[in-house]
Structure formats: C-alpha cells, structure tokens
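Here the structure comes first, spelled out in structure tokens, and everything after it is commentary.
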Amino acid sequence: MDRWSSGRVGLLGDAAFSSSPLSGQGTGLALVGAYLLAGELATAEWDPQVGFAGYERRMRSFVEANQEIGRWHARSLDVHGPDAAPSPDQWPVDLIDRAINGVELPDYAGAPDSGLPAGP
Ligand SMILES: Cc1cc2nc3c(=O)[nH]c(=O)nc-3n(C[C@H](O)[C@H](O)[C@H](O)COP(=O)(O)OP(=O)(O)OC[C@H]3O[C@@H](n4cnc5c(N)ncnc54)[C@H](O)[C@@H]3O)c2cc1C
C-alpha cells in the first residue's frame, strides 16, 4: 500500500504489508511493525500523525526488501528446467541481508505510556 495510515487509523502486519509465500517473513514483519508502531506512537506522545509517520519511515524499506525477495523468488522459479535455477552464488546477498537485518530497533525504554488505566 502507498501509505499505512489515514487520520487516526493505522495499519499493521498483513493488513498493511502482507508478504508472499515466496518471501516468508510475515510474522517477523508483523512483530517488528508492532514494536515500532508502539514505540513511535509513545515517543510522539501519542500524536497519531507524528507516530504513524515515524513508524512508516523506519519500517518501509525493510518491508520493501522482504517483498522484493518474494518477487526475486518468483522470477528465479520462472526458468526452463531445474539446471537453470540460480545457484547460491547468484543469490542477491545484499537484498537478503536488508530483508533480514535492514531495520533498526530503537530502545524505547522511558517513552511515555498511553496514560490509559491498566485493564482488570
Ligand atoms: C498458510 C500460511 C503459512 C504461513 N507461514 C508463515 C511462515 O512460515 N513464516 C512467517 O513468518 N509467516 C507465515 N505466514 C504469514 C503469517 O501468518 C502472517 O504474515 C501473520 O500472521 C500476520 O500477522 P497479523 O497479526 O498481521 O495478522 P493475523 O495473524 O491474520 O491476525 C489477524 C487477527 O485478526 C482477527 N480478526 C479479523 N477480523 C477481525 C474482527 N473484525 N474483529 C476482531 N478480530 C478480527 C483474526 O481472527 C486474526 O486472529 C503464513 C501464512 C499462511 C496463511
């Protein structure tokens, strides 16, 4: 999706950036996204516009690298026989590295909580 929020509505996980069976990582993206969304909202003192923008800024290139893995995988299967499949030395190592490690997880310790009373 071009953007993952509108007004006070923000999307996360598959609803925002569902990955493909050919890329995997859907659970990891959802969990990393949840951590960043909560942290960015908290450090923005719960201003949705600022928090959503920070979440998307930190997360988007990581998501795009993972989605690109799915496209690369699909292309790699579109070959004329098993011998034509890319060998490991043809794998896009930089892209794989960005899909695994390409996101910074700040330490949000000390960020203000939402101020909502804890549930029962
Ligand atoms: C067959 C299959 C295999 C997969 N294998 C892998 C894998 O090996 N590794 C991997 O990383 N990812 C895998 N995935 C992807 C992964 O499951 C998803 O990317 C991940 O679960 C997304 O998490 P989410 O919280 O965004 O959505 P979900 O896990 O789908 O959670 C959404 C929740 O919202 C609930 N819900 C829906 N509508 C409402 C409503 N109106 N009110 C209240 N609740 C509602 C649903 O019941 C659901 O519990 C697989 C997916 C499938 C389908």
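One-based numbering, in listed order, for ligands and for the atoms of each. Quantities reported herein were computed from a predicted structural model and do not represent experimental measurements. Computed from heavy atoms alone, side chains included, the values below leave out hydrogens, waters and symmetry copies.
By the 4.5 Å heavy-atom criterion applied to side chains, Arg60 and Trp4 are counted as neighbours. The shortest side-chain heavy-atom distance between Phe62 and Leu36 does not fall under the 4.5 Å cut-off.
The contact shell of ligand 1, taken as protein residues with any non-hydrogen atom closer than 4.0 angstrom, comprises Gly13, Asp14, Gln25, Gly26, Thr27, Ala30.
Listed by chain and residue number, Glu40, Glu104 satisfy the salt bridge (Lys or Arg N to Asp or Glu O under 4.0 Å) test with Arg58 (two or more places apart in sequence, or in another chain).
Salt-bridge check for Glu64 with Arg71: failed, with every basic side-chain N at 4.0 Å or more from each acidic carboxylate O.
Looking at every heavy atom in both residues, Ser5 comes nearest to Arg3 through O-NE, 3.0 Å.
Relative orientation of the Phe17 and Tyr55 rings is tilted, given thresholds of 30° and 60° on the angle between their planes.
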